[in-house]
Amino acid sequence: MLRLFFIGTALVALAIFNAAAATLPVVRPPVKDRTFQSTAVDNLINTLSPLFANPDLAALFTNCLPNTLDTTVYYHTPASEANSTNLDTFVITGDIEAMWLRDSSNQVLPYIPYATSDPDLQLMLEGLIARQAKSVLIDPFANAFNFKASGQGHQSDTRKPPMGPAVFEGKYEIDSLAAFLKLSYWHWRYSGDAALVRFATSSWLDAVGKLIDTVQKMQRDSGQSPDSPYLFGRVTSEALDTLSVQTRGPPARPHHPKGASQEVWGLTRSLFRPSDDAVTLPYNIPGNAMICVELNHLQELLTHLESQASDSTATQVKSLLQQARLTATGICSSLKDVLHTSGLTESSLPYEIDGFGGQYYMDDANVPSLLSLPVLGYLSSENAAYARTRAAVLSDANPYFFSGTQGKGIGGPHEGVNYTWPMALITQAMTSNDDNEVTWCLDLLVRSSAGTGLMHEAFDVNNVGRYTRSWFAWANGLLGELLLQLIVTKPHLVLVDDAEAVKTAQAAVQVPICLAAQREVLVK
């Protein structure tokens, strides 16, 4: 039924989509007011924007791709002052003046392929890697940080480890740590060894060590021991803003993967989702999939670094590589056990499990999600388990799939009933091989902009003009990345019908990370 819906609606949309008159404004701030300027990104926009067939897509691309650079680079070390010891970049989410590890990484991912032609952009990215390393060392269980130790944010939360003035919010989300690794890995992949030598400092290596140690602690943690490594409590009217069970969160059964030795532990416990909502069950499958991918990426990076490490760092790099391999083996093997069970029962993948046999079936708009498993680089979109899961989460089998008079899609408990997220629609389009479905998603994304020329956090499926967060940079950048992917893979859906225009556009576009990850998935 889902495919029939898309065919029935998208054929009409395809006929009128690219012929529509422009309705969305170009709303980039004046050059003097932009928080960072990248010649490479601006050149890309100037090349591609005239080549879109639909003027509204051209406006969205022009506004959304550079939104993080234009508006949320709160601080970066000026290029004229930059050296190997002082690089620093602080990227806020948009309307919240704090830096989330997850958001800041995702906000800059679309720019990474273009950094080799823009030295200032390289410095900005490496400053962010340095800032994230510093943040992990301050508190590996925190999700968001202040620019300085200002004491802003949720300082009244009851927490172990205790809140500190540098921490804006202290919710433990495994994808926050994975995001730090992801940013480091892909910057190395696109910018090469020179970049690796610059950012893989002693501080970065120490942060990687603390990250691995934290993931391992949470592999072994049941939430029931007298000395649990993480507790979180908040006085709030929102049930999902705090943890149950006396601030411990739901219990888990730590385990060893089938056939593994006793030193190899399985899934890692995580108490909050990428939406910043508390989990229902403590082993979040998309979060574990993301850290599985990034620990494998880390092994690749460290293996390369080991071959050129100095005597002073060689021992540390070797030890980190061993621990990364051990941790990845346990998590990735346990995920394969989950996939195997799904295959035996021909069921979709659960969103969360607890190790006791409990399974929770849903999906959330925020990435990492089940829908995003191919984009994370974990599971092929052609995999049978993924196909079953995708069909389920894009239907009323998912309690957070909402359908209304003006749209449909995945939302979540964070914004509640009847609010779907552009982020989920973008992920749906990224993971689709169906032209009709992709066109339908693009049409709804244009309409969900509600005349603003930008993406939002969520919108009402019965009224696209009712939306949350008018300044949400991650969603904007993600739309830009989707359009770059489509220029590479499905140019006929977004570009003018002209062979020279397509050739020009594709020559300008580097393979976006969302597409590179899908081409290199761990599990076919």
Give, for atom [atom1] of [X] and atom [atom2] of [Y], the distance between the pair rounded to the nearest 0.5 Å.
| X | Y | atom1 | atom2 | answer |
| --- | --- | --- | --- | --- |
| Ile174 | Thr268 | CD1 | OG1 | 5.0 Å |
| Thr431 | Gln428 | OG1 | CD | 7.0 Å |
| Thr427 | Met423 | OG1 | CE | 7.5 Å |
| Asn296 | Leu181 | CG | CG | 11.0 Å |
| Leu515 | Leu484 | CG | CG | 10.0 Å |
| Ser176 | Trp100 | OG | CH2 | 10.0 Å |

Carboxylate-amine/guanidinium contact [X] [Y], below 4.0 Å:
| X | Y | result |
| --- | --- | --- |
| Asp363 | Arg390 | no |
| Arg131 | Glu126 | no |
| Arg273 | Glu173 | no |
| Asp221 | Arg269 | yes |
| Asp276 | Arg102 | yes |
| Glu294 | Lys182 | no |
| Lys217 | Asp213 | yes |

Looking at [X] and [Y], what are the two nearest heavy atoms and their distance?
| X | Y | value |
| --- | --- | --- |
| Cys64 | Gly453 | SG-O, 4.0 Å |
| Leu339 | Leu349 | CD2-CD2, 3.8 Å |
| Gln122 | Ala115 | CG-O, 3.1 Å |
| Gly170 | Asn143 | N-OD1, 3.6 Å |
| Ala458 | Glu415 | CB-CG, 4.1 Å |
| Leu370 | Pro350 | CD2-O, 3.7 Å |

Please answer whether the main-chain N or O of [Y] pairs with a side-chain N or O of [X] as donor and acceptor at a distance below 3.5 Å.
| X | Y | value |
| --- | --- | --- |
| Ser244 | Gly249 | no |
| Asp70 | Arg28 | no |
| Thr35 | Val73 | yes |
| Ser333 | Gly330 | no |
| Ser222 | Ala252 | no |
| Asn146 | Ala149 | no |
| Ser104 | Met99 | no |
| Ser449 | Leu454 | yes |
| Ser334 | Ile331 | no |
| Thr420 | Gly409 | yes |

Ser381/Gln518 under side-chain hydrogen bond (donor to acceptor under 3.5 Å, both in side chains): CA gap, chis, key distance, verdict: CA-CA 8 Å; Ser381 60; Gln518 291 180 78; 5.3 Å; no
[Y] side chain reached by [X] side chain, heavy atoms, under 4.5 Å:
| X | Y | answer |
| --- | --- | --- |
| Leu231 | Arg248 | yes |
| Ser105 | Phe180 | no |
| Pro229 | Met218 | yes |
| Thr68 | Trp474 | no |
| Ser470 | Glu457 | no |
| Lys408 | Phe402 | no |
| Gln322 | Leu326 | no |
| Ser38 | Phe36 | yes |

Donor-acceptor pair between [X] and [Y] side chains, under 3.5 angstrom:
| X | Y | value |
| --- | --- | --- |
| Gln359 | Glu352 | no |
| Asp227 | Ser225 | no |
| Arg234 | Thr247 | no |
| Gln216 | Thr327 | yes |

Ring centres under 6.0 angstrom apart ([X], [Y]):
| X | Y | result |
| --- | --- | --- |
| Trp421 | His456 | no |
| Tyr172 | Phe141 | yes |
| Phe232 | Phe272 | yes |

Option passing side-chain hydrogen bond (donor to acceptor under 3.5 Å, both in side chains) with Lys171 (candidates Asp157, Thr242, Asp241):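 Among Asp157, Thr242, Asp241, the one meeting side-chain hydrogen bond (donor to acceptor under 3.5 Å, both in side chains) with Lys171 is Asp241.
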Within residues 273-292 or reaching into it, pairs that qualify as ring pair (Phe, Tyr, Trp, His ring centres under 6.0 Å) - sequence neighbours excluded: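 Matches after skipping sequence neighbours: His255-Tyr283.
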Should the pair [X] and [Y] be assigned to parallel (<30°), tilted (30 to 60°) or perpendicular (>60°) ring geometry?
| X | Y | result |
| --- | --- | --- |
| His154 | Phe168 | perpendicular |
| Trp186 | Tyr190 | tilted |
| Trp265 | His256 | tilted |

Steps toward side-chain hydrogen bond (donor to acceptor under 3.5 Å, both in side chains) verdict (Gln316, Asp206): CA-CA 9 Å; Gln316 185 180 14; Asp206 289 345; 2.9 Å; yes
Whether over 12 other heavy atoms sit under 6.0 Å from [X] [atom1]:
| X | atom1 | value |
| --- | --- | --- |
| Lys336 | NZ | no |
| Glu238 | CD | no |
| Lys210 | NZ | yes |
| Asn86 | CG | yes |

Derivation of the side-chain hydrogen bond (donor to acceptor under 3.5 Å, both in side chains) call for Arg388 and Ser347: CA-CA 7 Å; Arg388 289 193 300 270; Ser347 61; 5.8 Å; no
Pair Thr452-Val27, side-chain contact (heavy atoms from CB on, under 4.5 Å): steps then yes or no: CA-CA 8 Å; Thr452 67; Val27 292; over 6 Å; no
ring-ring contact (aromatic ring centres under 6.0 Å, His included) involving Tyr75 - partner list, sequence neighbours excluded: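 Here the qualifying residues are Phe147.
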